[in-house]
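Only one structure is covered here, and it is reproduced in the block below.
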Amino acid sequence: MTSAFPRQSHVEYSPHERTDLTVSSDSQAEALQALSSGTAQAILGALDGDPKTTSEIAEIVDTSIQNVHHHLRRLEDNDLVKPVETWYSVKGREMTVYALTAEKLVVQFGTADGRSN
């Protein structure tokens, strides 16, 4: 059955080459906590390459859509992933497509100028 809602099979998106994360305050510690989860790491691995919907990620990671959504929110709050597109299911439901914000994440402990705390 053909849907009235367009669903693209490819998203034109290029992440930044690199994101630097300097761990020197509570906000960056939250990013490390978000990254410390095995599920979050698997989600980042699933997004390496092409952007994907929550349901596609859940299938790859072999976990529930709700669990993926929880981790995506935490990763998005820390600017590690972002929504890049909206697709529509056959039933007409909106599906957010997520992508990595950067190809490489560099974590540094200390201050942004290289000095340790």
Measure the CG-CG distance between L80 and L35 for me, rounded to the nearest 0.5 Å.
5.0 Å
With a 4.5 Å limit on heavy-atom distance, are the side chains of Q33 and R74 in contact?
yes
Is it true that, when you exclude E59 itself, more than 12 heavy atoms of the residues, nucleotides or ligands shown sit nearer than 6.0 Å to its CD?
no
Minimum side-chain heavy-atom gap R93-Y88 below 4.5 Å:
no
Of the options V81, V84, T96, which is the one that meets P51 in a side chain to side chain contact (heavy atoms under 4.5 Å, CB included)?
V84
Can you check whether I43 reaches T63 side chain to side chain, under 4.5 Å on heavy atoms?
no
Residues L47 and Y98: closest non-hydrogen pair is CD2-O, 3.2 Å
Are L100 and I60 linked, directly or through intermediate hydrophobic residues, by side-chain heavy-atom contacts shorter than 4.5 Å (ILVMFWY only)?
no
Heavy atoms of E56 and K52 approach each other most closely as OE1-CA, 3.3 Å
Can you tell me how far OG1 of T39 sits from CG of D62, rounded to the nearest 0.5 angstrom?
10.0 Å
Give me the atom names and distance for the closest heavy-atom approach of H71 to S37.
CE1-OG, 3.1 Å
Where N78 and A34 come nearest, the two heavy atoms and their spacing
ND2-CB, 3.9 Å
Tell me which one of T53, V61, T54 satisfies side chain to side chain contact (heavy atoms under 4.5 Å, CB included) with I57.
V61
Nearest heavy-atom pair of A40 and L75: which atoms, and what distance?
O-CD1, 4.1 Å
If you look at every heavy atom in P83 and E76, which pair is closest and at what distance?
CD-OE2, 3.3 Å
From S36 atom OG to Q41 atom CD, the distance as rounded to the nearest 0.5 Å
7.5 Å
